[in-house]
Amino acid sequence: MANSPKSIYWSMFENKIGPMVVAATEKGLCYVGSPGKGIGELEKWAVKYYPGSSLNENEEVVKIYTAELAEYLEGKKQSFSGTLDFKGTPFQESIWAALREIPYGKTTSYSEIAQLIGKPAAVRAVGTAIGANPLLIAIPCHRVIGKSGAITGYRGGLEMKQHLLQLESAGTK
């Protein structure tokens, strides 16, 4: 992809859900990994979306983002003010933008997202785009559940998704 950054800075973010890789470019937060997956998940993602970039461990650069994530996980923050730097296809980016509109403590379904973007028949494609979300928590894909209300797929694992939904539910009372 054109205009790939030369460096992606990353650090491990220790939290009660499990250690997660958090990464940023000079433009903003670009990646929040799944708990316990480590640097390998970031490396595979970076090759696809930021080819030619180097990964540099640098806790100082990502500190602003890990602080926001920590505040969110402690129930002290409901939204993210830091700049996000995400890349995907135009369709993926439209889905991720729609996800950012889901209010804290609320949920929606995959079919409702498909309706929202004007593609009601694209429910599976919506699910695939949500699964490719590089910014767990910051782009709140955990707020999307099955039409029946069931807690369904999540890159961070269903246990993490359930934890985030319970956290937000408690924070809206």
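All values reported here derive from a predicted model rather than from experimental measurement.
- Side-chain atoms of E101 do not come within 3.5 Å of backbone N or O of A98 as any donor-acceptor pair.
- Using cut-offs of 30° and 60° for the angle between ring planes, the W96 and F86 rings count as perpendicular.
- Judged purely by distance below 3.5 Å, without hydrogens or angles, the side chains of E68 and S81 pair a donor atom with an acceptor atom.
- Side-chain atoms of S11 and Y65 include no donor-acceptor pair closer than 3.5 Å.
- Screening residues 115-165 for ring pair (Phe, Tyr, Trp, His ring centres under 6.0 Å) gives no qualifying pairs among residues at least two apart or on separate chains.
- Side-chain N or O atoms of S34 include none that pairs as donor or acceptor with a backbone N or O of K37 at under 3.5 Å.
- E26 and S7 form no side-chain donor-acceptor contact under 3.5 Å, judged by distance and modelled atom types alone.
- For residues 117-139, the set of pairs meeting the side chain to side chain donor-acceptor pair (under 3.5 Å) definition, not counting sequence neighbours, is empty.
- Ionic pairing of R143 and E168 is present here: one or more N-O contacts between side-chain nitrogen and carboxylate oxygen are shorter than 4.0 angstrom.
- When ring centroids are compared, Y31 and W10 stay outside the 6.0 Å threshold.
- For E14, there are no salt bridge (Lys or Arg N to Asp or Glu O under 4.0 Å) partners at least two apart in sequence or on another chain.
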Test side-chain contact (heavy atoms from CB on, under 4.5 Å) on L99 and V144 and set out the steps. CA-CA 8 Å; L99 296 176; V144 181; 3.4 Å; yes
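- For E112 and K147, the salt-bridge test fails: no basic side-chain N is under 4.0 Å from an acidic carboxylate O.
- The local environment of CD in E74 is crowded, with over 12 non-hydrogen atoms from other residues, nucleotides or ligands closer than 6.0 Å.
- Annotation: side chain of M20 is in contact with side chain of N15 (closest heavy-atom distance under 4.5 Å).
- Aromatic ring orientation, Y72 versus F80: tilted (interplanar angle from 30° to 60°).
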